Amino acid sequence: MDLRYEAYCFADRQFYDLQSSTESTPKDDFSTELPALPPDWTTVERNVWRHHHPKGVLLPNEGWKIHVSAGLDNAGQVLKATYDYCVERRIPFKYLQTISIVLARNSKYAPREGSGKLVTIYPTDTVQLETICTELARVLDGEHGAYILSDLRFGKGPLYVRYGGFAEQWLEVDGQQVLAIAGPDGALVPDKRKPVFSLPEWIELPAFLKPHLAERNAGDAEKFPYQIKSSLHFSNGGGVYLATRKSDGKEVVLKEARPHAGLDREGRDAVARLELEHEILTRLHGIDGVPEVYDRFTEWEHLFVAMEFMPGRSLGQWLGHNYPLTHRDTTDELLRNYRTRAEALIAKVEDLVGRVHERGVVFGDLHTMNILVGEDDEVSLIDFELSSTIEDVHRPTLGAPGFQAPNDREGFDIDAYPLAALKLWIFMPLNAVLELAPAKLRQHVHVVAERFGLSEDYQRQILDVLTPRVDPPADPAFTAFDDENPDWTVVRKEIATAILHSATPHRKDRLFPGDIEQFETGGAGFGHGAAGVLHALAESGEGRYPEHEDWLIRSVRTDPAKQPGFFIGAHGIAHVLENFGHHDVATELVESYAPLVRTTQDHGLSAGLSGIGLNLLHFAESRDDQNFVAQAVELAERLAKQLQQAPPPGDKAKAGLLHGWSGPALFFLRMFEHTAQPRWLDLSEQALERDLAETMVALDGSLQVRDGTFRSLPYVGIGGAGIALVLTEFAKVAPERPCVAKLPELLGGCTGEFVIQPAFTLGRAGLMATLAHATRHRPDERLERSVQQHLKALGWHAVRYGGGLAFPGVQLRRLSMDLNTGGAGVLLAIASTVDGRSPLPFLGRAQAPVLADR
């Protein structure tokens, strides 16, 4: 799970957002307590940071920086002291804007590499670095803060140092934009930001820091009473390890808690929660299915608790291996057998929770990752850090989406709520959607009751507990998707209405709320920004919006894309502006990013050469200008060399439309159409074969992209559907080629009845569009039934918003309107499926030229 999303859930209950963007002057903004800056200073607010820079002070692009840490209780005074110190000495610095942001960036599931940082100070050189560290350490003597894992600690206080970039410089790595610094030869290399201190190999540690590094490395591992065998889990609060006790070789689980880190919304840190877990487990001693606690000790300023290792896999993993609706073929017998087994499993969980209650303990954090399923489906509970006694019930402020009891539940009812949620989840694991739209509860219960034959009593057990007692939802449970014969014109209009209602033209960073990636790659792009949304609205027949096109053009001027790629850079924006008739701006974009194209190495459609090349061919057609073809040929030649030198498939899946070799395969295919040279068709086949080399036979017998040893992916972005989209295009031109024989198996992976997310690039909308695209070329009754099933099942995610229908994005925790992950992608997929429109740019072309002899 991508832990970055947690930090973007604090600002808004409907959309992923930056906390600094929700109000013009938040009540907890630190600036209200700080003195005014001298007149010769400049201030810039960027994302969650406020930068202060004295005029006339020049900084290098990179160097040693100082980070200041603090807790919630002392953040204000630490910032005030640091602020005064830096302003008096004219030292550039930045700080987190509000105490709420400090809490978010130090919360349990915030990224560990950024945790603890309250202030960043930028020395001009190593001489000033030493001066600041020495003097500011005296100023902040006695203050505390979370340990900054990415840095080297200076002394015992809240000061830390690391070498890294000052100015934003970006580099493309595996299709992703990462911050960069210059290497010894001047070429950009990644600015590694991991939760461990490291130095670029060409940078020497200043002499005054060497004693601090020695002290950091001086921990006596020999005296540590446990031998760590492997890590099981990391969060910002600490780690969970499989270990053996050195005294007797006993295998244990060792939990670690970092002080002042892993905060919950009440500000309690990981240490406080682990202390509580030790107390609770001691009280529950002797209950089968509850870990026995062995030891508690402090080492390296961290708290450790050793406990019994509980066998089995999480209930979430169990579902992934056994849930029948993800398979392409599901029989009534399979559904009946699953229902019997699932109900028995939940009954065992209920019994175990009851035994915990008999000891006077409220578990408090019952969800699918804290329930382990062993052999013969025996169950156990882990992770009691949010538990409390019935005499002093503490309502958890952390919790899994869709399983956390509302504020109106007290005592043991705090556990009754997630138990009822489990009874629904095990048949339809979409509980997070209910937090966005409680009205969906009745629809979800209705769907699973019909599909699995659940009894009326079982349904009542879910509805009676999960239905909100306070402010029950007024929205109807069902949407236009649930009509016997949906009017797709109405459905498209409702989706467009929600998208347009969400627009924020007053904001400069984004026009439509979408995935968190828009805060990294910009709010104008095709995949996560305004360009893709406006393309989907126009392509689906829902109209053009000049005021929003004006926003897009202004964004190009004021906040230019960081890279040239199609889905996350300038060429995707240029494509949309070109189609809308803004030819001058489109030309400017293509020409101004040409130098970056020359240094681009990524091959993918999302960020790399294939997406750029396809757009150049599009410009050649739209303008009847062969100069663009010549530029495309140059990129195709570079890609051909990369393909011949491509390494063998690795463990991390990349195959698919956006990041794999299917993007170059599509580009080579279009090059063949433009030139009629068989070489390009051969290269297209080779690129498809390279992606097919990353596939495996999934549990249901279909062909999907391998992601590790057991997991497989059917999706468009990374997955079998992305290969199938291009292979469908290839089959129109060269149906006799051997790779085409894999197409039915790939399409079989797109037919599963249940899909966790509605998105285009990683969810149901993309699978549906892929099947529809294929059946237009070669009709197939079975696949066409799956298309209709997907169309209806999109309603499982549809949420009422702004007078229309919206869809949750990645992790289902917030709504998204973008093309890759949200409503725009769903809208485009429906238009492609129902109206026969192109599912994405560069797909669905007219008849290709006759194949020349090879």
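Quantities reported herein were computed from a predicted structural model and do not represent experimental measurements.
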Check your understanding: For Glu251, does the CD atom sit with more than 12 other heavy atoms under 6.0 Å from it, leaving out its own atoms?
Key -> yes
Exercise for review: Show the numbers, then the answer: is there a side chain to side chain contact (heavy atoms under 4.5 Å, CB included) between Arg162 and His67?
Suggested key: CA-CA 8 Å; Arg162 71 176 291 268; His67 290 120; 3.9 Å; yes
Review point. Should Leu103 and Thr98 count as side-chain neighbours, where that means a heavy-atom distance under 4.5 Å?
Key: no
Review point. Between Arg341 and Asp377, is the closest basic N to carboxylate O distance under 4.0 Å?
Key: yes
Output side-chain donor-acceptor pairs under 3.5 Å for residues 463-470, partner residues at least two apart or in another chain, one line each.
{"unit_1": "Thr467", "atom_1": "OG1", "unit_2": "Leu463", "atom_2": "O", "d": "2.6"}

Review point. Is the cationic atom of Arg153 (NZ for Lys, CZ for Arg) positioned less than 6.0 Å from the six-membered ring centroid of Tyr147 and within 45 degrees of its normal?
Key: no
Exercise for review: Could you walk me through whether Glu308 and Tyr294 pass the side chain to side chain donor-acceptor pair (under 3.5 Å) test, one step at a time?
Suggested key: CA-CA 7 Å; Glu308 180 184 5; Tyr294 300 132; 4.7 Å; no
Check your understanding: Should the pair Asp269-Arg273 be classified as a salt bridge under the 4.0 Å nitrogen-to-oxygen rule?
Key -> no
Check your understanding: With distance as the sole test, does Gln459 use its side chain to make a donor-acceptor pair with the main-chain N or O of Leu454 at under 3.5 Å?
Key -> yes
Review point. With a cut-off of 6.0 Å (strictly less than), are more than 12 heavy atoms of other residues, nucleotides or ligands near NZ of Lys348?
Key: yes
Practice item. Drop me the distance from Ser387's OG to Leu381's CG, to the nearest 0.5 angstrom. Key: 9.0 Å
Practice item. Rounded to the nearest 0.5 Å, what's the gap from CD on Gln19 to CD1 on Ile99? Could you check? Key: 10.5 Å
Study note, to complete from the structure: Distance col, row Ile756:CD1 vs Leu812:CG, nearest 0.5 angstrom, shows 5.5 Å
Check your understanding: To the nearest 0.5 Å, what is the distance between CG (Leu419) and CD1 (Ile414)?
Key -> 12.5 Å
Review point. Taking atom CZ of Arg711 as the centre, does the number of heavy atoms from other residues, nucleotides or ligands within less than 6.0 Å exceed 12?
Key: no
Review point. Quick one: CG on Leu713 to CG on Leu762, what's the gap to the nearest 0.5 Å?
Key: 9.5 Å
Practice item. In plain terms, say whether Glu6 and Lys108 are close enough for a salt bridge, that is, a side-chain N and a carboxylate O under 4.0 Å apart. Key: no
Point to revise | Student check: side-chain heavy atoms of Leu18 and Phe519 closer than 4.5 Å | key: yes
Check your understanding: Do NZ/NE/NH1/NH2 and the carboxylate oxygens of Lys255 and Asp383 come within less than 4.0 Å?
Key -> yes
Point to revise | His285 atom NE2, neighbour heavy-atom count above 12 within 6.0 Å | key: no
Review point. Hey, which of Tyr458, Phe754, Phe427 is the one that makes ring-ring contact (aromatic ring centres under 6.0 Å, His included) with Phe452?
Key: Phe427
Review point. Are any non-hydrogen side-chain atoms of Leu159 and Val68 less than 4.5 angstrom apart?
Key: yes
Exercise for review: Mark yes when over 12 heavy atoms from residues, nucleotides or ligands other than Arg283 sit less than 6.0 Å from its CZ; otherwise mark no.
Suggested key: yes
Review point. Is there a side-chain contact between Arg258 and Leu149 (heavy atoms, below 4.5 Å)?
Key: yes
Practice item. Please check if any side-chain donor atom of Arg105 sits under 3.5 Å from a side-chain acceptor atom of Asn236, or the reverse. Key: no
Revision key, fill the gap. Quick note, side-chain hydrogen bond (donor to acceptor under 3.5 Å, both in side chains) partners involving residues 426-440, not counting sequence neighbours, are Lys440-Gln443
Review point. Would Phe224 and Phe304 count as a close aromatic pair, with their ring centres under 6.0 Å?
Key: yes
Review point. Do Gln77 and Glu143 get their side chains close enough for a donor-acceptor pair, meaning under 3.5 Å?
Key: yes
Practice item. Answer with yes or no whether the side chains of Asp515 and Ser816 bring together a donor and an acceptor at under 3.5 Å. Key: no
Exercise for review: Might you work through the side chain to side chain contact (heavy atoms under 4.5 Å, CB included) test for Gln757 and Val810, ending with a clear yes or no?
Suggested key: CA-CA 7 Å; Gln757 296 181 141; Val810 173; 4.1 Å; yes
Practice item. Keeping the roles fixed (side chain from Ser115, backbone from Pro111), state whether a donor-acceptor pair exists under 3.5 Å. Key: no
Exercise for review: Answer yes or no on whether Arg112 is positioned over the face of Phe234, meaning its NZ or CZ is under 6.0 Å from the six-membered ring centre and within 45° of the axis.
Suggested key: yes
**Study point:** Worked check of side chain to side chain contact (heavy atoms under 4.5 Å, CB included) between Val102 and Asn106
**Key:** CA-CA 6 Å; Val102 175; Asn106 287 280; 3.7 Å; yes
Check your understanding: Is there a side-chain contact between Pro259 and His302, using heavy atoms and a 4.5 Å cut-off?
Key -> yes
Exercise for review: Keeping the roles fixed (side chain from Ser231, backbone from His233), state whether a donor-acceptor pair exists under 3.5 Å.
Suggested key: no
Point to revise | Within 45° cone and under 6.0 Å: Arg265 NZ/CZ vs Phe10 ring | key: yes
Point to revise | Close aromatic pair by centroid cut-off 6.0 Å: Trp318 and Tyr323 | key: no
Exercise for review: State whether Lys156 and Glu215 are salt-bridged, where the test is any N-O pair (Lys NZ or Arg NE/NH1/NH2 against Asp/Glu carboxylate O) under 4.0 Å.
Suggested key: yes
Review point. Within a reach of under 6.0 Å around NZ of Lys246, are more than 12 heavy atoms found that belong to other residues, nucleotides or ligands?
Key: yes
Review point. Within the side chain of Ser388, is there an N or O that forms a donor-acceptor pair under 3.5 Å with the backbone of Val393?
Key: no
Check your understanding: Between Gln227 (side chain) and Thr244 (backbone), is there a donor-acceptor pair under 3.5 Å?
Key -> no
Point to revise | Sidechain-backbone polar pair: Asp415 side chain, Gly364 backbone, donor-acceptor under 3.5 Å | key: yes
Exercise for review: Anything under 30° is parallel, anything over 60° is perpendicular, the rest tilted; go ahead and classify Tyr226 against Phe297.
Suggested key: parallel
Check your understanding: Is there a donor-acceptor contact under 3.5 Å linking the side chains of His394 and Glu266?
Key -> yes
Practice item. Identify the two heavy atoms, one from Val293 and one from Val305, that lie closest to each other, and give their separation to 0.1 Å. Key: CG2-CG1, 3.7 Å
Point to revise | Heavy-atom side-chain proximity of Val361 to Ile390 below 4.5 angstrom | key: no
**Study point:** Gap separating the CG atom of Asp707 from the OH atom of Tyr715, nearest 0.5 angstrom
**Key:** 10.5 Å
Practice item. May I ask you to check whether His357 and Phe412 place their ring centers less than 6.0 Å from one another? Key: yes
Check your understanding: Is it true that a side-chain atom of Asp264 and a backbone atom of Arg268 form a donor plus acceptor pair closer than 3.5 Å?
Key -> yes
Practice item. Flag the pair Lys117 / Ile148 as yes when at least one side-chain heavy-atom distance between them is below 4.5 Å, and no otherwise. Key: yes
Exercise for review: Just say parallel, tilted or perpendicular for the rings of His260 and His144, cut-offs at 30° and 60°.
Suggested key: parallel
Check your understanding: Distance under 6.0 Å and angle within 45° of the ring axis: does Arg216 meet both against Trp300?
Key -> no
Practice item. Decide ring pair (Phe, Tyr, Trp, His ring centres under 6.0 Å) for Tyr5 and Tyr16; before the verdict, give the C-alpha distance in whole Å, the side-chain angles of both, and the deciding distance to 0.1 Å. Key: CA-CA 8 Å; Tyr5 284 83; Tyr16 293 119; 5.1 Å; yes
Review point. Do any N or O atoms from the side chain of Asp413 and from the backbone of Ala416 form a donor-acceptor pair under 3.5 angstrom?
Key: no
Review point. Between the side chain of Asp475 and the main-chain N/O of Ala439, is any donor-acceptor distance below 3.5 Å?
Key: no
Practice item. Check the pair Leu96 / Trp49 against side chain to side chain contact (heavy atoms under 4.5 Å, CB included), numbers first and verdict last. Key: CA-CA 5 Å; Leu96 295 177; Trp49 295 97; 3.6 Å; yes
